[in-house]
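What follows is a single structure, written as structure tokens, with notes after it.
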There are 2 protein chains.
Amino acid sequence: MTEEIDLPAEVTLLWGLRETARRGRKPSLTVADITRAAVEVADAEGLGAVSMAKVAERLGNATMALYRYVKSKNDLLLLMADAAIGPAPALPEGLEWREGLTVWVRRVLAVLRARPWVVQIPISGPPVGPNNLSWFDRALGALGGTGLSEEEKVGVVMGLLTYVQGEARLSLDLSTGYRENPEAFGRQYGLALARVVDPLRFPALSRVVTSGVFDGEVPYDDEVDGMFGLTLYLDGVAALIGRAEA
Amino acid sequence: MTEEIDLPAEVTLLWGLRETARRGRKPSLTVADITRAAVEVADAEGLGAVSMAKVAERLGNATMALYRYVKSKNDLLLLMADAAIGPAPALPEGLEWREGLTVWVRRVLAVLRARPWVVQIPISGPPVGPNNLSWFDRALGALGGTGLSEEEKVGVVMGLLTYVQGEARLSLDLSTGYRENPEAFGRQYGLALARVVDPLRFPALSRVVTSGVFDGEVPYDDEVDGMFGLTLYLDGVAALIGRAEA
DNA sequence: GCTTAAAAGCGTAGGTCATACGCATAGGTG
DNA sequence: CACCTATGCGTATGACCTACGCTTTTAAGC
């Protein structure tokens, strides 16, 4: 059994599979400690405030000590992205696929709303962290009763994840901007568009603006039921499942 | 006519509506010059290489000169995000909504593929730049023949934009990771998952892994037709339009 | 044409950041 | 007990954004 060959560094990092040192001084920290401290900083002051110095200070260590456990700050961000979402709870048994995915989306959004900085972490590869995989697994499980092939399930879930992350990113960025500059949003947005949108240059958009869609508050939906695009996507999944069953 | 009241700073910046100075030295630069130089840097060396110093150097000016034209680097990023995508070309006449949106998505992806750094710029508010609005307008126009309300059209287009941006971001990040570390992807990903995914802990995912879906290359679709999630979303839109017509 | 003030240019410098390097130190291993 | 290895940590470097203040240029008003 040659099991220890060639696992990408990212994987061994996220799964805590570093070979344990048998010689030398004992480590005073663990990767999990560092990750937890970094998450605390991000929770308190945002992702921008996460610096190696600040994380180390919170742990009572010197800045450079962290580099004994993490190759770079990017490594730390990867660890944070996995740790912050936690393991996915099991879905209730016996749900139809659509109910199951809706519950799943609601939970994803709840997690991302609690830690808005997660969606700001740049992604550099396919998901490999244990928590990420557990969320992936739950969504796949929700499609268990359908007649979809494994490949189709993967496509459905990846698309859903993409959509939800994009939606969360947009809506969280908007709410951040709103918090920083409240009077510029809401009615102001519609007014600004009305001032700037030339009916000749932007005919379709102009019709929308004059119809008053933008005059109210910025929609800013955190409710799943209000997520118009999600409904459309799930309708598309329903059509696919219908075709698969026919 | 009180036209000059209360436009958000962001809007006047993006539309070049600053009041022209009547006193003092003449500016040797324009906001457009600065934006163009910054875009050139990003094209050549990536978004991370865009610094005020480097942009100023390319323009033959001192670093601090730029702050006479932009309030902060964030302002410059906003300008870049709008300038980089260019104005949206008009869609061919007489297309069905689905054909029109598909062409539109293909063009969006072509633009984002040409300038991958655009999707890395953090968003801080709803779109107000002229080029962003023109893209928005074209997509709305593609839905002209349908019976959807203006509000529904906005929802459909915003969802589509969210999805396409998310998909582009993911796929571009993956291809970046692939370029930096080719041997870790492709078959390696499937192998790593197989090593790490416990059937008891991740039952649904385990089924997918053993079915061999991940054993090939990472899909990495740039083709619209290969974008599984997009098809699902447009199917959902079709269902909505069908309901609206009935 | 002369004065004046507003605005642009630019150098300096402060603060923060990631991280490379070298040396001291502690704790298994032989 | 001696050695070797891996960690702890201070220093240092280079890059970054941007606040500040002085100088220079230009147009407006008399």
Side-chain angles (χ1 to χ4, degrees), chain A residues 9 12-13 16-35 37-38 41-42 44-80 117 120-122 124 180, chain B residues 9 12-13 16-35 37-38 41-42 44-80 117 120-122 124 180:
Chain A
T12 66
L13 174 71
L17 299 181
R18 6 174 49 211
E19 66 282 8
T20 49
R22 314 220 49 77
R23 297 280 262 267
R25 196 170 177 170
K26 271 189 181 160
S28 65
L29 295 175
T30 66
V31 173
D33 288 333
I34 295 173
T35 308
V41 172
E45 305 176 61
L47 191 66
V50 175
S51 69
M52 301 304 265
K54 196 168 280 183
V55 173
E57 185 194 11
R58 174 174 288 255
L59 291 165
N61 279 66
T63 304
M64 293 311 293
L66 305 190
Y67 285 93
R68 295 270 129 216
Y69 304 87
V70 183
K71 197 167 60 349
S72 66
K73 185 181 180 182
N74 205 46
D75 273 18
L76 180 55
L77 291 177
L78 287 182
L79 287 166
M80 291 172 69
W117 47 267
Q120 296 174 357
I121 297 179
S124 56
E180 287 172 358
Chain B
T12 67
L13 174 71
L17 301 179
R18 6 173 51 210
E19 66 281 10
T20 49
R22 315 220 50 77
R23 297 280 262 269
R25 196 168 177 171
K26 273 189 179 157
S28 65
L29 295 174
T30 66
V31 173
D33 289 332
I34 296 173
T35 308
V41 172
E45 306 176 61
L47 192 65
V50 175
S51 70
M52 301 304 265
K54 195 168 281 183
V55 172
E57 184 194 11
R58 173 175 287 256
L59 291 165
N61 279 67
T63 305
M64 294 311 292
L66 306 189
Y67 284 92
R68 297 265 126 218
Y69 303 87
V70 270
K71 198 165 60 351
S72 66
K73 186 182 179 180
N74 204 48
D75 272 18
L76 179 55
L77 291 177
L78 288 181
L79 287 165
M80 291 172 69
W117 48 266
Q120 295 175 358
I121 296 180
S124 57
E180 287 171 359

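Throughout, protein chains are lettered first and strands after them, A, B, ... in sequence-line order, and every chain is numbered starting at 1.
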Side-chain touch A:M52/A:L76, heavy atoms, less than 4.5 angstrom: yes
Main-chain N/O of B:I34 paired to B:Y69 side chain as donor or acceptor, under 3.5 Å: no
Interatomic distance, B:L76 CG vs D:dC17 P [rounded to whole Å]: 10 Å
Any B:Y69 side-chain nitrogen or oxygen under 4.0 Å from OP1 or OP2 of C:dG9: yes
Nearest-angstrom distance from the residue atom CG of B:L66 to P of D:dC17: 10 Å
Rounded interatomic separation in angstrom, taking CG from B:L59 and P from C:dG9: 11 Å
Nucleotides 9-16 of chain D: protein proximity per nucleotide (B base, S sugar-phosphate only, - neither; heavy atom, under 4.0 Å): BBB----S
Interatomic distance, A:E57 CD vs C:dC17 C1' [rounded to whole Å]: 14 Å
Partner of B:M80 under side-chain contact (heavy atoms from CB on, under 4.5 Å), chosen from B:L47, B:D75, B:V41: B:L47
Contacts of type side-chain hydrogen bond (donor to acceptor under 3.5 Å, both in side chains), residue B:T30, not counting sequence neighbours: B:D33
Side chain to side chain contact (heavy atoms under 4.5 Å, CB included) partners of B:L79, counting only residues at least two apart: B:L13, B:L14, B:V31, B:T35, B:V70
Side-chain donor-acceptor pairs of residues 53-66 of chain B under 3.5 Å, sequence neighbours excluded:
unit_1, atom_1, unit_2, atom_2, d
B:K54, NZ, B:E45, OE1, 3.3
B:R58, NH1, B:E40, OE1, 2.8

Between P of C:dC21 and OH of A:Y67, the distance in whole Å: 13 Å
Distance in angstrom units between A:L77 CG and C:dC17 P, rounded: 14 Å
